[in-house]
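First the structure, in the form of structure tokens, and then the observations on it.
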Amino acid sequence: MTVKERFTRFLNNKPLKHKLYVIIFESDTPAGKMFDVALIVCIALSILLAILESLQGIPSWLSTPFIIFEYLFTAFFTFEYVTRIYCSPQPKKYIFSFFGIIDLLATLPLYLAFFLPGARYLLVIRAFRIIRVFRIFKLFTFWMEGERLLTSLKESSKKIAVFFLFVVILVISIGTLMYMIEGTQPNTQFNNIPNSIYWAIVT
């Protein structure tokens, strides 16, 4: 059997595709739930590593382990994305779906970093993949509660707008007052009204 024939047979291996589909796309089975939990753990760890790596006081000797782990996580996510396309009954539908696009974006940052050094921090996009926790732990009932909350916010939009307008007027007034009081002092941080408004907001 030639390599081409083996590859063609692999692409058309329906039992293998079905087995992978059950593990990767379904969470009702123990293997599927275990896979999704492991995936979420990997996502959380990769985001945590990116956050820790951005700290200024991190020891230099940790940079190499961080890079190695990032390569491993990216290889895993790339393999997982390709496997999802392989075992999906409708590959195009998956690729252009919400989760398909997020899965693709989660694998790209490290590859883009070869051309744009700062692009590797875009891997925080992987956080969106944790949305799968709703599917794993049957939390989609809370999604309906979120829709009710959005409906309530829309119905109360005028009251909320009045409240925020009052807050804007208040912080502008307080910021201007602080500029009038502190603006003339030497080495003051209230050297203009926008800075004073910013102080009022964060305070």
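The figures that follow rest on heavy atoms only: side chains count, while hydrogens, waters and symmetry mates do not.
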> Is Phe76 reachable from Met34 through a run of I, L, V, M, F, W or Y residues, each pair having side-chain heavy atoms under 4.5 Å apart?
Replying inline: no
>> Which heavy atom of Val171 sits nearest to which heavy atom of Val168, and what is that distance?
In response: CG2-O, 3.2 Å
>> Any heavy-atom pair between the side chains of Phe190 and Gln185 that's under 4.5 Å?
In response: no
>> Please give me the minimum heavy-atom distance between Leu45 and Phe73, naming the atom from each residue.
In response: CB-CZ, 3.7 Å
> Are the side chains of Leu105 and Leu108 in touch, meaning some heavy atoms are under 4.5 Å apart?
Replying inline: yes
> Are Val41 and Leu39 connected in the hydrophobic side-chain network, where two residues link if heavy atoms are under 4.5 Å apart?
Replying inline: yes
>> Do Val162 and Phe166 have side chains that approach each other closer than 4.5 Å (heavy atoms only, starting at C-beta)?
In response: no
> How would you list all residue pairs meeting side chain to side chain donor-acceptor pair (under 3.5 Å) that involve residues 106-115, not counting sequence neighbours?
Replying inline: Thr78-Tyr111
>> I'd like to check Lys93 versus Ser88 (side-chain heavy atoms, cut-off strictly below 4.5 Å). Are they in contact?
In response: no
> Between Glu155 and Thr151, do the side chains contain an N or O donor and an N or O acceptor separated by less than 3.5 Å?
Replying inline: no
> Passes side chain to side chain contact (heavy atoms under 4.5 Å, CB included), Phe25 versus Leu20? Steps please.
Replying inline: CA-CA 8 Å; Phe25 281 97; Leu20 291 173; over 6 Å; no
> So does Phe69 have more than 12 non-hydrogen atoms from other groups sitting under 6.0 Å from CZ?
Replying inline: no
> Which pair of non-hydrogen atoms, one from Ala200 and one from Gly175, has the smallest distance, and what is that distance?
Replying inline: CB-N, 4.2 Å
> In the single-linkage hydrophobic clustering (I, L, V, M, F, W, Y; side-chain heavy atoms under 4.5 Å), do Phe163 and Ile160 co-cluster?
Replying inline: yes
>> Looking at Glu182, I want to see if its CD is surrounded by more than 12 non-hydrogen atoms of other residues, nucleotides or ligands under 6.0 Å.
In response: yes
>> With a 6.0 Å cut-off on the ring centroids, do Phe99 and Tyr94 count as close?
In response: no
> If you look at every heavy atom in Glu70 and Ser46, which pair is closest and at what distance?
Replying inline: OE1-CB, 4.3 Å
> Can you find a heavy atom in the side chain of Ile43 that is under 4.5 Å from one in the side chain of Phe77?
Replying inline: yes
> What's the spacing between Ser97 OG and Leu104 CG if we round to 0.5 Å?
Replying inline: 10.5 Å
> Asn13 side chain to Arg9 main-chain N or O, any donor-acceptor pair under 3.5 Å?
Replying inline: no
> With a cut-off of 6.0 Å (strictly less than), are more than 12 heavy atoms of other residues, nucleotides or ligands near OH of Tyr198?
Replying inline: no
> Any sub-3.5 Å donor-acceptor pair from Ser156's side-chain atoms to Lys159's backbone N or O?
Replying inline: no
> Would Ile101 and Tyr81 show up in the same hydrophobic cluster when neighbours are defined by side-chain heavy atoms closer than 4.5 Å?
Replying inline: yes
> Is any side-chain heavy atom of Gln189 closer than 4.5 Å to a side-chain heavy atom of Asn195?
Replying inline: no
> Hey, what do you get for CD1 (Ile169) to CZ (Phe164), rounding to the nearest 0.5 Å?
Replying inline: 13.5 Å
> Between CD1 of Ile197 and CD1 of Ile172, what distance do you get to the nearest 0.5 Å?
Replying inline: 5.0 Å
> Atom NE2 of His18 and atom CD1 of Ile23: how far apart are they, to the nearest 0.5 Å?
Replying inline: 10.0 Å
> OH/Tyr21 to OG1/Thr83 distance, rounded to the nearest 0.5 angstrom?
Replying inline: 15.0 Å
